[in-house]
Amino acid sequence: MIGVYPGSFDPITLGHLDIIERMAGKFEKLIVLIAKAPDKNALFSTEERKQLLQQTLAHLKNVEVDVHQGLTIEYVRRINANVIVRGLRIVADFEHEMTMANMNKKLAPEVETLLVFARPDYFFISSRGVKEIALNGGQLSGLVPSNVQQALLNKLSIKSF
Ligand code: ADP
């Protein structure tokens, strides 16, 4: 079975990494898909996000990183994947995920959505929160992998000029 874990990953956090590590073993192949959304104001370019993901996930041999613009479900169908993986943190995530899962079910009944609960230690971590903390000089350890910590510091020092 092939799984696809789509998201913005702007940038990858320890919460994302935990979901990927837990799910990698459940699939023959797991594709982490950067869903390109032109309307979202991203801090990292798609190429930078891809690089950070590849560095972070290098130890997981059956995990690949890819980029897609357009409907995720079209990508999932094109590569003949079976399952879309998403992470659930708080109740507020649920409504959004349910709507998307139902919409995708309508478009591609053969594809299942698998919602995975965030590990309790990581349920409060979001890419948005991490960027906020970085911007204000807060402690990033325990929130993102070390390569991402460095990338955030580099990016924000560039941005402040
Ligand atoms: P999106 O913009 O599609 O929500 P994100 O990169 O923010 O993209 O998140 C991708 C997926 O990972 C979503 O399903 C989200 O709920 C999940 N996720 C985000 N942060 C965490 C976390 N700390 N623990 C578990 N899952 C998470």
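Counting starts at 1 for both ligands and their atoms, following the listed order. Note that these values count all heavy atoms, side chains included, but never hydrogens, waters or copies made by symmetry.
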Return a yes/no value for [X]: is any of its N or O atoms, backbone included, closer than 3.5 angstrom to an N or O of ligand 1?
X      : result
Ser127 : no
Asp10  : no
Gly87  : yes
Ser126 : no
Ile125 : yes

(request) Can you measure from CG (Leu53) to CG (Leu33) and round to the nearest 0.5 angstrom? (result) 10.0 Å
(message) Would you compute the distance between atom CG of Asn136 and atom CD of Glu132 and round it to the nearest 0.5 angstrom?
(response) 6.0 Å
For [atom], closest protein heavy-atom neighbour:
atom                    : result
atom 21 (C) of ligand 1 : Arg89 CD, 3.4 Å
atom 11 (C) of ligand 1 : Tyr5 OH, 3.5 Å
atom 8 (O) of ligand 1  : Ser8 N, 3.0 Å
atom 7 (O) of ligand 1  : His16 NE2, 4.1 Å
atom 4 (O) of ligand 1  : Arg86 NH2, 3.5 Å

Other residues, nucleotides, ligands: >12 heavy atoms within 6.0 Å of [X] [atom1]:
X      : atom1 : result
Lys26  : NZ    : no
Glu110 : CD    : yes
Arg22  : CZ    : yes

(request) Give me the one residue out of Ile84, Leu71, Thr72, Val111 that meets side-chain contact (heavy atoms from CB on, under 4.5 Å) with Asn104. (result) Ile84
Using a strict 4.0 Å cut-off to heavy atoms of [X], name the atoms of ligand 1 that fall inside it.
X      : answer
Ala118 : 24 (N), 25 (C)
Gly15  : 22 (C), 23 (N), 24 (N), 25 (C)
Phe9   : 6 (O)

(request) Decide whether Glu74 and His68 meet the rule of one side-chain donor and one side-chain acceptor closer than 3.5 Å. (result) no
(request) Answer side chain, backbone, both or neither: which part of Glu97 comes under 4.0 Å from ligand 1, heavy atoms only. (result) side chain
(request) Would you check if Ile79 and Val4 make a side-chain contact, meaning some heavy-atom pair closer than 4.5 Å? (result) yes
(request) Quick one: sort the His16 and Phe9 rings into parallel, tilted or perpendicular, breaks at 30° and 60°. (result) perpendicular
